[in-house]
Enquirer: 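Mind having a look at this structure? Questions to follow.
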Amino acid sequence: MAILAWSETYSVGSAMIDSDHQILINLINQLHDATETGQSRDVVGSVINVLAEYVVHHFHREELLMAQIGYPERAQHSQTHRDLEQRVRDIRDRWMAGERHVLDDDVMTFLKIWLTDHILRADIAYRPWIEAAADAHGGADSGGGACNI
């Protein structure tokens with residue numbers, strides 16, 4: 001059962017970042033499902049490892065985008081990324097070390113709230129810069145109002 005679902009209210013105006021956010025939502029749902037259905041340590045470990053790697057990949061892409069569009073709050077925003085990267089790495093490392101309780105309901109709630117809160121507060125804040133960049137590039141659009149940058 002999914003604990004998160006994509007909604008257009010999460011759109012930041014970049015098709016690339018919106019796609020990344022959808023993947024992160026799917027990974028958190030997969031992690032939740034794997035733990036709730038009692039999947040093996042290896043299966044859960046694989047999902048948490050992919051999540052940890054994708055978080056780093058996504059944040060790198062998002063930070064490049066923020067630099068490209070001249071987002072003035074990118075240093076502070078990037079620090080929140082480092083904090084979550086460390087938290088997810090810690091969860092992954094503890095799971096791999098045999099701490100099965102590390103993926104309890106509190107951690108799943110944390111991941112869910114962190115992602116949705118981060119998108120709806122921190123990420124949505126750079127949407128005007130994405131829109132301005134799209135306007136400056138002739139309104140390049142991939143449909144649905146999402147900029148290709």
Side-chain angles (χ1 to χ4, degrees), residues 1-134 142 145-149:
M1 178 180 164
I3 61 170
L4 278 172
W6 172 257
S7 164
E8 283 303 313
T9 60
Y10 296 140
S11 177
V12 299
S14 164
M16 175 184 69
I17 300 302
D18 288 348
S19 176
D20 281 359
H21 287 159
Q22 290 173 34
I23 290 168
L24 288 168
I25 286 169
N26 287 334
L27 287 168
I28 289 171
N29 284 331
Q30 287 177 33
L31 184 60
H32 177 261
D33 289 347
T35 58
E36 287 295 304
T37 60
Q39 296 296 311
S40 73
R41 183 178 174 275
D42 290 342
V43 169
V44 175
S46 177
V47 176
I48 189 106
N49 198 46
V50 171
L51 176 63
E53 289 175 9
Y54 203 82
V55 162
V56 172
H57 170 75
H58 164 64
F59 288 162
H60 176 75
R61 286 167 38 127
E62 188 174 80
E63 289 164 16
L64 288 174
L65 173 66
M66 287 188 293
Q68 180 184 0
I69 62 174
Y71 183 57
E73 301 296 324
R74 71 180 180 263
Q76 180 183 9
H77 192 119
S78 294
Q79 185 55 52
T80 66
H81 290 169
R82 300 296 81 75
D83 295 344
L84 182 66
E85 285 173 358
Q86 183 57 48
R87 180 88 186 256
V88 172
R89 269 193 310 270
D90 180 55
I91 292 166
R92 179 197 59 202
D93 294 348
R94 290 175 60 199
W95 175 266
M96 296 302 194
E99 291 184 49
R100 289 188 155 246
H101 67 278
V102 74
L103 288 175
D104 62 11
D105 288 341
D106 291 343
V107 168
M108 295 309 302
T109 299
F110 163 76
L111 290 171
K112 174 184 173 183
I113 291 172
W114 190 93
L115 181 62
T116 56
D117 211 44
H118 183 76
I119 293 170
L120 292 173
R121 295 179 196 269
D123 291 351
I124 290 293
Y126 61 70
R127 185 178 181 125
W129 281 265
I130 289 175
E131 291 170 347
S142 65
C147 175
N148 280 324
I149 53 177

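All residue numbers refer to positions in the sequence shown, counting from 1. These numbers come from the heavy atoms of this one structure, side chains and all, not from hydrogens, waters or symmetry mates.
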Enquirer: Does Q76, at its CD atom, have more than 12 non-hydrogen atoms belonging to other residues, nucleotides or ligands within less than 6.0 Å?
Expert: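 Atom CD in Q76 is not crowded, with 12 or fewer foreign heavy atoms closer than 6.0 Å.
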Enquirer: Is the distance from the ring center of H118 to that of H21 below 6.0 Å?
Expert: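 H118 vs H21: aromatic centres not under 6.0 Å.
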Enquirer: Could you measure the distance from the CE atom of M108 to the CD1 atom of I91? Nearest 0.5 Å is fine.
Expert: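 Reported to 0.5 Å precision, the distance equals 9.0 Å.
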Enquirer: So does R74 pair up with E62, basic N to acidic O under 4.0 Å?
Expert: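 E62 and R74: not salt-bridged.
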Enquirer: Looking at T35 and L103, what are the two nearest heavy atoms and their distance?
Expert: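 In this case the closest contact between T35 and L103 is CG2-CD1, 3.9 Å.
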Enquirer: Can you confirm whether the side chains of D20 and Y54 place a donor and an acceptor under 3.5 Å from each other?
Expert: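 A donor-acceptor contact under 3.5 Å links the two side chains.
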Enquirer: When you look at Q86 and R89, which way does the side-chain contact (heavy atoms from CB on, under 4.5 Å) test go after all the steps?
Expert: CA-CA 5 Å; Q86 183 57 48; R89 269 193 310 270; 2.8 Å; yes
Enquirer: Distance check, rounded to the nearest 0.5 Å: R92 atom CZ versus L31 atom CG?
Expert: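 These two atoms lie 12.5 Å from each other.
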Enquirer: Evaluate whether atom CZ of R121 has more than 12 neighbouring non-hydrogen atoms of other residues, nucleotides or ligands under 6.0 angstrom away.
Expert: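 Atom CZ in R121 is not crowded, with 12 or fewer foreign heavy atoms closer than 6.0 Å.
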Enquirer: Atom NE2 of residue position H57 - does it have more than 12 heavy atoms of other residues, nucleotides or ligands inside 6.0 Å?
Expert: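 More than 12 heavy atoms, drawn from other residues, nucleotides or ligands, come within 6.0 Å of this atom.
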Enquirer: We want to know whether Q22 and N26 form a side-chain donor-acceptor pair, criterion being a heavy-atom distance below 3.5 angstrom.
Expert: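 No pair is found: no donor N or O on one side chain lies under 3.5 Å from an acceptor on the other.
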Enquirer: Evaluate I69 against Y126 for side-chain contact (heavy atoms from CB on, under 4.5 Å), listing each step before the verdict.
Expert: CA-CA 9 Å; I69 62 174; Y126 61 70; 4.3 Å; yes
